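Here is the structure we will look at, set down as structure tokens.
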Amino acid sequence: MAGTKTLTIIKPGAVANEYIGPILAKINANGFHIAAMKLIMLTRKMAEKFYSVHNDKPFFDGLINFMTSGPVVVAILEKENAVEEYRNLIGNTDPSKAREGTLRRLFAQSIEKNAVHGSDSDENAVKECDFFFALSERFSKFE
Ligand code: IDP
Ligand code: MG
């Protein structure tokens with residue numbers, strides 16, 4: 001059975017452009033429950049660990065610089081089939097390829113500064129939620 005939670009990050013570019021409100025409105029309008037949320041600055045160590053699967057990619061250093069360039073919103077979102085549903089809402093990694101109406105199409109600046117993160121599997125969603133939130137910081141509809 002598909003999982004019910006995913007981890008999102010509203011990235012520094014979208015926070016700087018005052019898109020926190022518009023992005024959260026779309027998240028709620030699409031039936032997601034916000035189970036945990038905070039506005040924080042990622043340290044380099046945190047960003048490097050979070051994106052460690054990409055540490056051999058040519059875009060890694062730029063990505064870490066970007067993700068630590070300003071505050072981000074980190075949140076646990078809940079819905080049936082959350083990972084797939086949220087990946088559908090955010091759209092393609094490259095905003096120029098993202099469907100009309102998706103968060104990246106609406107709010108991204110570039111393939112790097114692409115507005116939001118969304119977990120890519122239930123397994124990674126669990127790891128990413130644990131990376132940012134203690135159980136006492138979560139207000140789940142499902143658990
Ligand atoms: P995803 O966020 O859609 O899952 P990933 O391939 O996991 O995409 O890449 C992680 C993040 O790295 C992207 O969201 C984006 O910010 C950045 N990124 C991915 N590919 C490129 C690229 O070709 N150039 C610059 N940045 C990239
Ligand atoms: Mg990814």
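Just follow the structure's listing: the first ligand is 1, and inside any ligand the first atom is 1. Note that the structure is a prediction, hence the values are computed from the model and not measured.
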* Please collect all ring-ring contact (aromatic ring centres under 6.0 Å, His included) contacts where either partner lies in residues 81-104, sequence neighbours excluded, each pair once. => F32-Y86
* Structure fact -> Rounded to the nearest 0.5 Å, the NZ atom of K11 sits from the CG atom of L63 at a distance of 6.0 Å
* Does NZ or CZ of K57 fall inside the cone over Y51's six-membered ring, less than 6.0 Å from its centre and within 45° of the axis? -> no
* Asked: Would a distance-only check, ignoring hydrogens and angles, find a side-chain to backbone donor-acceptor pair under 3.5 Å from K5 to A35?
  -> no
* Asked: If only atom types and distance count, is the side chain of R99 paired as donor or acceptor with the main-chain N or O of N88 below 3.5 Å?
  -> yes
* Can you name the residues that come within less than 4.0 Å of ligand 1, going by heavy atoms only? -> K11, Y51, H54, F59, L63, R87, T93, R104, I111, E112, N114
* **Side chains of I9 and F132 in contact at under 4.5 Å (non-hydrogen atoms)** => yes
